[in-house]
Amino acid sequence: MSSSAHSDNSLKLEATSVSCWQLWQAVRSKRPLVHCITNFVSMDFMANVLLAAGCSPAMAHSLDEVESFVAISSALLVNMGTLSPEWVASKKLAAKKAVELGKPWVLDPVGCGATPVRTTSCLELLACKPTVVRGNASEILALAGAAASVKGVDSTAISNDALEDAKHLASKHSCIVVVSGAVDYVTDGQRVVTVRNGHPLLTLITAAGCSVTALIAAFVAVAPGQALLATAHALAVFGLAAEEGLKVVPRPGPGSLRVALIDLLHMVQEDTVVEGVRVAVMSQLS
Ligand SMILES: Nc1ncnc2c1ncn2[C@@H]1O[C@H](COP(=O)(O)OP(=O)(O)O)[C@@H](O)[C@H]1O
Ligand SMILES: Cc1ncsc1CCOP(=O)(O)O
Ligand SMILES: [Mg+2]
């Protein structure tokens with residue numbers, strides 16, 4: 001595990017695990033309403049992940065409703081998975097309303113780079129000032145304009161390949177950017193935090209990425225001004241639940257993991273979180 005290069009680092013490693021649990025308890029006690037404009041594939045799993053983690057999910061995408069929904073929600077999740085012109089219009093309207101009301105919103109640029117319309121739409125949403133962007137390596141590379149190969153919604157690169165582009169994106173758009181993968185990198189353009197929780201089988205569950213992005217929205221909602229830390233902790237909690245879930249299923253495979261992940265998000269105990277979270281500060285510029 002990497003360590004901080006600076007003694008005044010605000011994300012001290014010895015404090016990280018405890019604050020992860022505390023933050024999760026804040027999520028559970030505040031039960032933030034997370035307004036999700038997501039894709040048809042992820043709706044059910046995402047809602048169940050949010051419920052199990054202690055949040056209140058609501059899927060609402062109608063153009064005539066999204067602004068009102070943002071107004072009653074704690075955070076907004078915008079996912080580009082099964083986009084259409086009507087839905088993209090809803091997403092832009094909702095994102096603008098969130099910014100107007102000072103509420104956090106999180107972008108998942110699913111399949112960015114796969115088709116021209118998808119890339120253009122993701123860039124238009126990026127211009128609407130998200131609090132956090134979370135994508136796999138290919139998506140983040142495409143969002144940054146790098147020559148990248150994409151395989152539909154799946155990544156053909158590893159997360160480290162997109163780290164420099166993630167930092168540039170974060171600085172340019174004043175947001176947090178996550179490149180997910182075997183190691184998740186979370187950056188605000190200056191600091192980089194790594195999250196080493198998770199399991200390779202997560203790549204065989206559709207909507208795992210979509211759902212962890214929604215969980216990020218919930219964590220950011222209860223930690224104003226701490227989006228970098230909240231984002232890292234949401235990723236850690238999700239990955240840890242997958243790890244712990246696989247330990248208790250009789251046949252560790254994607255189907256069982258899907259169920260066990262939801263169960264563990266509901267029942268994982270404090271000592272498991274404190275001992276199991278692997279969040280570290282990789283770098284911090286002065
Ligand atoms: N090889 C891996 N080992 C451990 N965790 C992984 C691995 N690949 C992805 N994950 C985890 O799976 C979740 C989804 O990430 P990813 O597969 O990159 O997103 P997407 O589904 O959008 O392509 C994240 O929580 C990430 O940490
Ligand atoms: C398969 C698929 N097709 C369009 S959206 C979607 C779900 C993608 O989910 P994730 O990015 O979390 O794997
Ligand atoms: Mg994805």
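As the structure lists them, so they are numbered: ligands from 1, and atoms in each ligand from 1. All of these numbers come straight from a predicted model, not from anything done at the bench.
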Original post:
Under 3.5 Å, side chain of N48 to main-chain N/O of M43, donor-acceptor pair present?
Top reply: no

Original post:
At what distance is the nearest protein heavy atom to atom 11 (C) of ligand 1, and which residue and atom is it?
Top reply: L202 CD1, 3.6 Å

**OP:** Measure the shortest side-chain to side-chain distance between F219 and V132 over non-hydrogen atoms and say whether it is less than 4.5 angstrom.
**Re:** no

Original post:
Any idea how F40 and W87 line up, ring-wise: parallel (<30°), tilted (30 to 60°), or perpendicular (>60°)?
Top reply: tilted

Original post:
Is a side-chain N or O of D165 found less than 3.5 angstrom from the main chain of A162, in a donor-acceptor match?
Top reply: no

Original post:
What's the shortest distance from atom 25 (O) of ligand 1 to any protein heavy atom, and which residue and atom give it?
Top reply: F238 CD2, 3.6 Å

Original post:
When hydrophobic residues are tied together by side-chain contacts of less than 4.5 Å, even through go-betweens, does V193 share a cluster with I158?
Top reply: no

Subject >> Proximal ligand 1 atoms for S180, defined as those under 4.0 Å from one of its heavy atoms >> reply: 15 (O), 16 (P), 18 (O), 19 (O)

Original post:
Of all heavy-atom pairs between V110 and C210, which one has the smallest distance, and what is that distance?
Top reply: CG2-SG, 4.4 Å

For ligand 2, output the ligand-protein N/O contacts shorter than 3.5 angstrom; if there are none, return none.
residue  : atom   : partner : partner atom : Å
ligand 2 : 9 (O)  : A207    : N            : 3.3
ligand 2 : 12 (O) : A207    : N            : 3.4
ligand 2 : 12 (O) : A208    : N            : 3.4
ligand 2 : 12 (O) : G209    : N            : 2.9
ligand 2 : 12 (O) : C210    : N            : 2.8

Original post:
Nearest protein heavy atom to atom 17 (O) of ligand 1, by residue and atom, and its distance?
Top reply: T203 CG2, 3.9 Å

Original post:
Is the ring centre of H35 less than 6.0 Å from the ring centre of F69?
Top reply: yes

**OP:** Drop me the distance from L107's CG to C175's SG, to the nearest 0.5 angstrom.
**Re:** 8.5 Å

Subject >> Heavy-atom neighbours of H168 NE2 exceed 12 at 6.0 Å >> reply: no

Subject >> Those atoms of ligand 1 less than 4.0 Å from some heavy atom in G209 >> reply: 14 (C), 19 (O), 20 (P), 21 (O), 22 (O)

Original post:
Is the backbone N or O of A53 less than 3.5 Å from a side-chain atom of W24, with the two atoms forming a donor-acceptor pair by type?
Top reply: yes

Subject >> Identity and separation of the nearest protein heavy atom to atom 26 (C) of ligand 1 >> reply: D184 OD1, 3.4 Å

**OP:** May I ask you to identify the nearest protein heavy atom to atom 19 (O) of ligand 1, giving residue, atom name and distance to one decimal place in Å?
**Re:** R134 NH1, 3.1 Å

Original post:
Considering only protein heavy atoms, which is closest to atom 4 (C) of ligand 1, and at what distance to one decimal place?
Top reply: H199 N, 3.0 Å

Original post:
Tell me: protein heavy atom nearest atom 2 (C) of ligand 1, and distance?
Top reply: A182 CA, 3.4 Å

**OP:** Could you name each residue pair satisfying side-chain hydrogen bond (donor to acceptor under 3.5 Å, both in side chains) that touches residues 117-130, not counting sequence neighbours?
**Re:** K92-E124

Original post:
For ligand 1, which atoms, with element, lie under 4.0 Å from some heavy atom of G181?
Top reply: 5 (N), 6 (C), 7 (C), 8 (N), 9 (C), 10 (N), 18 (O), 26 (C), 27 (O)

Original post:
Is there any N or O on N136 that sits under 3.5 Å from an N or O of ligand 1?
Top reply: yes

